[in-house]
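Accompanying notes for the structure given below.
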Protein chains: 2
Amino acid sequence: MLIHELSIKTGLSPHTIRFYEKSGLVKGKRDITVKSNNYFHYDEETVEKLEFINDAKSVGFTISEIGQIIDAWYNNKYSKKEKLHILDEKLVALETKLKEIKEMKKLISQFKQDVISGQCPY
Amino acid sequence: MLIHELSIKTGLSPHTIRFYEKSGLVKGKRDITVKSNNYFHYDEETVEKLEFINDAKSVGFTISEIGQIIDAWYNNKYSKKEKLHILDEKLVALETKLKEIKEMKKLISQFKQDVISGQCPY
DNA sequence: AACAACAGTAGAGTGTAGTCTATAGTTGGT
DNA sequence: ACCAACTATAGACTACACTCTACTGTTGTT
């Protein structure tokens with residue numbers, strides 16, 4: 001599929017997809033049999049990757065971290081050992097975030113109690 | 001205390017503290033009895049606030065969201081009802097983040113299994 | 001009096017992650 | 001043949017959250 005279809009499938013603008021492509025997260029292929037243009041073609045794997053990128057972004061991973069994960073997942077840039085190391089690193093980071101968020105929930109719940117119990121009467 | 005001491009207590013640079021002050025998150029007081037300078041003076045509450053800001057940043061709240069929370073906590077800018085609304089909103093956001101992170105943990109654990117089970121032999 | 005270390009303000013610069021503009025070429029439908 | 005809608009590239013622009021620079025004034029120690 002071309003970028004327009006990919007854009008519709010993923011909800012990301014062609015601009016943003018090209019930005020991710022330039023950042024090395026996804027990669028279209030050129031059809032060498034077609035000589036009149038040099039359009040990029042994308043496969044279903046790219047759709048998956050872009051969906052993953054969206055999810056990974058919202059948990060706070062940066063583009064370069066997402067790049068690492070994608071490389072550890074789809075590519076052969078890293079050895080098996082390196083891949084596991086990268087993925088473990090990300091799991092630890094997520095575990096830390098999880099704890100921080102739970103702490104923050106407690107804290108804000110406490111603020112709420114303070115407001116309710118009328119420590120200040122507004 | 002002056003900004004230097006505050007900086008040491010919180011681990012934030014005077015630059016960053018001034019940035020937060022300009023953003024409305026904290027507020028120093030000027031000592032009108034001193035006429036030779038116009039240095040800002042900060043209290044322990046500001047130390048608390050800055051520590052909160054650090055924690056809130058790492059769970060992904062923006063400066064303006066943190067501002068809202070601080071206003072709902074310390075100030076009388078909002079009514080009791082508004083305060084509870086803001087805090088509930090933040091709790092919902094944290095709950096959402098929590099779920100997303102748990103999902104991402106599952107996903108990355110799955111990637112790990114894929115690597116281990118040797119779907120690709122590197 | 002000299003000087004480092006501090007204080008303040010204004011504004012420029014950085015990095016991240018887009019988002020948009022300009023330009024130029026291609027494709028598909030009428 | 002024409003035109004809208006698509007494609008590509010390069011580079012400008014934006015927003016956020018700092019971070020730093022330049023400049024000036026103050027304080028405390030020697």
Side-chain angles (χ1 to χ4, degrees), chain A residues 1-43 46 49-70 90 93 97 100, chain B residues 1-43 46-47 49-70 93 97 100:
Chain A
M1 79 193 84
L2 298 180
I3 200 161
H4 184 66
E5 195 182 337
L6 185 60
S7 165
I8 285 160
K9 278 196 180 177
T10 60
L12 296 166
S13 73
H15 277 304
T16 300
I17 294 170
R18 290 196 182 106
F19 172 74
Y20 290 154
E21 183 145 22
K22 225 169 57 182
S23 307
L25 301 188
V26 297
K27 219 166 177 55
K29 285 174 197 71
R30 273 168 168 149
D31 186 344
I32 48 161
T33 66
V34 178
K35 273 159 188 164
S36 59
N37 68 48
N38 54 348
Y39 292 179
F40 287 110
H41 297 261
Y42 303 92
D43 53 18
T46 306
K49 282 183 187 175
L50 289 173
E51 280 162 0
F52 173 75
I53 291 166
N54 260 338
D55 294 344
K57 266 195 319 164
S58 60
V59 303
F61 284 129
T62 63
I63 295 287
S64 86
E65 285 175 319
I66 295 170
Q68 281 191 307
I69 300 171
I70 287 179
K90 302 312 172 207
K97 265 174 204 294
E100 286 172 344
Chain B
M1 81 193 83
L2 298 180
I3 201 164
H4 184 66
E5 196 181 336
L6 185 60
S7 165
I8 286 161
K9 278 196 181 177
T10 59
L12 296 166
S13 73
H15 276 306
T16 301
I17 294 169
R18 289 197 184 105
F19 172 74
Y20 289 153
E21 183 144 22
K22 225 169 57 183
S23 307
L25 301 189
V26 297
K27 219 167 177 56
K29 283 173 199 73
R30 270 165 171 153
D31 186 345
I32 47 161
T33 65
V34 176
K35 274 161 188 163
S36 58
N37 68 48
N38 55 346
Y39 293 1
F40 287 110
H41 296 261
Y42 302 92
D43 53 18
T46 306
V47 177
K49 281 183 189 176
L50 289 174
E51 280 162 359
F52 173 75
I53 291 167
N54 260 337
D55 295 344
K57 265 195 320 165
S58 60
V59 303
F61 285 129
T62 64
I63 294 288
S64 86
E65 284 174 319
I66 294 170
Q68 281 190 308
I69 299 171
I70 287 179
K97 266 175 205 289
E100 286 171 344

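Proteins get letters first, then strands, A, B, ... in listed order; numbering begins at 1 in each. Only this structure's heavy atoms are used, side chains among them; waters, hydrogens and symmetry mates stay out.
Taking both residues in full, the closest heavy atoms of L25(B) and I63(B) are given as CD2-O, 3.5 Å, listed atom of the first, atom of the second, then distance. The two residues S7(A) and S13(A) make their nearest non-hydrogen contact at OG-CA, 4.0 Å.
Less than 4.0 Å separates DNA chain D from at least one heavy atom of each of the following residues of residues 20-40 of chain B: Y20(B), S36(B), N37(B), Y39(B).
Between dT7(D), dG18(C), dA17(D), one nucleotide has an atom nearer to the side chain of F19(B) than all others, and that is dA17(D). Considering only side-chain atoms of I63(B), the nucleotide from dC18(D), dG8(C), dG18(C) that sits closest is dC18(D). Each of dA17(C), dA17(D), dT19(C) was ranked by its minimum atom distance to the side chain of T16(A); first place goes to dT19(C).
Here R18(B) does not reach the OP1 or OP2 of dT9(C): none of its side-chain N or O atoms lies under 4.0 Å away. Distances shown here put a side-chain N or O of H4(B) below 4.0 Å from the OP1 or OP2 atom of dC6(C).
Whole-Å rounding puts the M1(A) CE to dC6(D) C1' distance at 16 Å. Between the P atom of dT19(D) and the CG atom of L12(B) lies a distance of 9 Å, rounded to the nearest Å. Computed from coordinates, the I8(B) CD1 to dC6(C) C1' distance equals 11 Å when rounded to whole Å. The interatomic distance linking H41(A) (NE2) with dA8(D) (C1') rounds to 12 Å, in whole Å. In this entry the distance linking NE2 of H15(B) with P of dA12(C) reads 16 Å, nearest Å. Following rounding to the nearest Å, K57(A) (NZ) and dG18(C) (C1') show an atom-to-atom distance of 8 Å. Look at CD on E5(B): it is 18 Å from P on dA5(C), rounded to the nearest Å. Distance I17(B) CD1 to dC18(D) C1': 13 Å, rounded to the nearest Å.
Put simply, the side chain of H41(B) reaches to within 4.5 Å of the side chain of L2(B), judged on heavy atoms.
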Side-chain donor-acceptor contacts of residues 50-58 of chain B below 3.5 Å, not counting sequence neighbours, with atom names and distances?
| unit_1 | atom_1 | unit_2 | atom_2 | d |
| --- | --- | --- | --- | --- |
| K57(B) | NZ | Y20(B) | OH | 3.4 |
| S58(B) | OG | D55(B) | O | 3.0 |

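When E21(A), E5(A), K29(A), K49(A) are each tested for a side chain to side chain donor-acceptor pair (under 3.5 Å) with Y42(A), only one passes: E21(A).
For the atom pair OG1 (T16(A)) and CD1 (I3(A)), the distance works out to 9.5 Å, reported to the nearest 0.5 Å.
Taking the ring axis of Y39(A) as reference, the NZ or CZ atom of R30(A) does not stay both within 45° of it and closer than 6.0 Å to the ring centre.
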